[in-house]
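Structure record follows, encoded as structure tokens.
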Protein chains: 2
Amino acid sequence: MGISERKEREKTEMKELIRAAALKMFLEDGYAKTSIRKIADAIEYSPGTIYLYYKDKDELLYEVQGLAYGKLLDAFKAEANSDDPLKRLIQMGKTYVSFGLENPELYDLMFIIRAPTNVDEESHKDNGDKTFQYLLDCLEECINKKLLRITDLQLGALQIWSMVHGLVSLNLRCRLKVMAIEQQELKVILSHAIENYIASVTL
Amino acid sequence: MGISERKEREKTEMKELIRAAALKMFLEDGYAKTSIRKIADAIEYSPGTIYLYYKDKDELLYEVQGLAYGKLLDAFKAEANSDDPLKRLIQMGKTYVSFGLENPELYDLMFIIRAPTNVDEESHKDNGDKTFQYLLDCLEECINKKLLRITDLQLGALQIWSMVHGLVSLNLRCRLKVMAIEQQELKVILSHAIENYIASVTL
DNA sequence: CAAATGTACTGAATGGTGTTCAGTTTTTGA
DNA sequence: TCAAAAACTGAACACCATTCAGTACATTTG
């Protein structure tokens, strides 16, 4: 029966249409400033229709988060691919920070926005896992080859991620005003911060 | 002329009444979920009245941010006061993280919430400066006494702050799900992360 | 003291938000 | 062709920050 297959296809096409519009608007204006009404306007459907395909605005957020984690993983694969795991680790740090500063609204909904409480647990977290795994693999290789002062994989990953997330999020939220950093120096200083940190944990 | 003085006093009392109600509700329910209407209800005035004392909700945020930075500074003075600057630095890190985890809504409005664009620049940032200075002083002493691998005060402060902010904010935003950390282990792991980090930059 | 001025406050109105659901339109299958 | 099912609509609900004409009270002036 071909009809139910077409129905299925149309359903996923509609979901895709909504997701694409949402992604575009989230990127341009941010999650908070993008309303369901505006998305509906953009795709020329009524607001109610969106709720036939997504339970609520949060579900749309998860959908886009998945895409975003994938984008970050792609960036890692493209820019952090040195054979030397130590170099790769530094590349990852710089890629992460650049990604955050160049895609502020995306970074926001990936890591800063309040994660809704009605978490579906098992769904949507696949891409995030894969991206995190890329860090774990790199770090594990560094540890195995005894290149770092770090011995615990979990603890090391937590430290590295916290450092780069801290750098990006304090910047995006303008909390470094207190340090009076010139905007043009910013990327240089952040680069130094990452290199400096990795250097200090290198044996 | 005593009347204008009384007027003045009444005005500051009213501002204080509003600020106190706002602080209480921000702490309990968070900034986003606290509406001007609810604050007005709590102090038994109409919503419009609040706008006679504060330009908008953002100004109320700045007011409470100032208080919060003061609270953090107090915590530093109480818990991070060792004569050994290195010990003091570790104490500061732990105090910062505890403060964040124990006062999630407060931490949120201090460091995570989107800082409104219409920043008044010169006002309200005093308390933040003082608190940051406490870190700078400690770190400078460490550098002067050649206790650390860190040589640049700015860069070092940026690194340390980013690390602890990263730890706290990833936790508050539930982004460490991917690491599957048990809730009871959390504080221990965070403690280790801080000690580990400071140890790795210690000469 | 009475009238005029000034100040404090109100609360309805404006234009937004996410979400729901009765009702309409379109598509399907017999 | 026609009833049932599916898709879609848009007004309605309960919120939100903010504004402002109008009211009530306090103070100053004649």
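FYI, side chains are in, hydrogens and waters are out, and symmetry mates aren't considered; it's all heavy atoms of this structure. So that the names make sense, note that chain A is the first sequence line, chain B the second, and so on, each numbered from 1.
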Handout entry: Partner set under side chain to side chain donor-acceptor pair (under 3.5 Å) for B/Lys94, not counting sequence neighbours
Key =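 So B/Lys94 forms a side chain to side chain donor-acceptor pair (under 3.5 Å) with B/Glu195.
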Can we say [X] and [Y] salt-bridge, meaning some charged N sits less than 4.0 Å from an Asp/Glu carboxylate O?
X        : Y        : result
A/Glu105 : B/Arg114 : yes
B/Lys177 : A/Asp129 : no
B/Lys11  : B/Glu8   : no
B/Lys187 : B/Glu102 : yes

Exercise for the section: Check whether any side-chain N or O of B/Tyr53 sits under 4.0 Å from OP1 or OP2 of C/dC9, and answer yes or no. Expected result: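 Yes, B/Tyr53 has a side-chain N/O under 4.0 Å of OP1/OP2 on C/dC9.
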Can you check the [X] [atom1] to [N] [atom2] distance for me, whole Å?
X       : N      : atom1 : atom2 : value
B/Glu44 : C/dT10 : CD    : P     : 10 Å
A/Leu60 : C/dG18 : CG    : P     : 11 Å
A/Lys15 : D/dA7  : NZ    : P     : 13 Å
B/Glu13 : C/dA8  : CD    : C1'   : 15 Å
A/Tyr54 : C/dT20 : OH    : P     : 17 Å
A/Leu52 : D/dA5  : CG    : C1'   : 14 Å
A/Glu10 : D/dA7  : CD    : C1'   : 10 Å
B/Asp41 : C/dG11 : CG    : P     : 11 Å

Exercise for the section: Mark yes or no: B/Lys130 above the aromatic ring of B/Tyr69, with NZ or CZ under 6.0 Å from the six-membered ring centre and no more than 45 degrees from the axis. Expected result: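 Cation-pi check for B/Lys130 and B/Tyr69: fails.
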Handout entry: Geometric class of the A/Tyr107/A/Tyr96 ring pair [parallel <30°, tilted 30-60°, perpendicular >60°]
Key =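 Perpendicular: the ring planes of A/Tyr96 and A/Tyr107 meet at over 60°.
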Handout entry: Contact letters for nucleotides 16-21 of chain D, in which S counts primed atoms plus P, OP1 and OP2 and B counts the base, heavy atoms under 4.0 Å
Key = BBBB--
Exercise for the section: Could you walk me through whether A/Arg88 and A/Asp137 pass salt bridge (charged side-chain N to carboxylate O under 4.0 Å, His left out), step by step? Expected result: CA-CA 11 Å; A/Arg88 203 159 75 240; A/Asp137 289 345; over 6 Å; no
Return the polar atom pairs (N/O with N/O) between nucleotides 24-26 of chain D and the protein under 3.5 Å, or none.
none

Practice task
Before giving the answer on side chain to side chain contact (heavy atoms under 4.5 Å, CB included), spell out for B/Ile43 and B/Thr49 the whole-Å C-alpha distance, their side-chain angles and the decisive distance to 0.1 Å.
Solution key: CA-CA 10 Å; B/Ile43 60 171; B/Thr49 301; over 6 Å; no
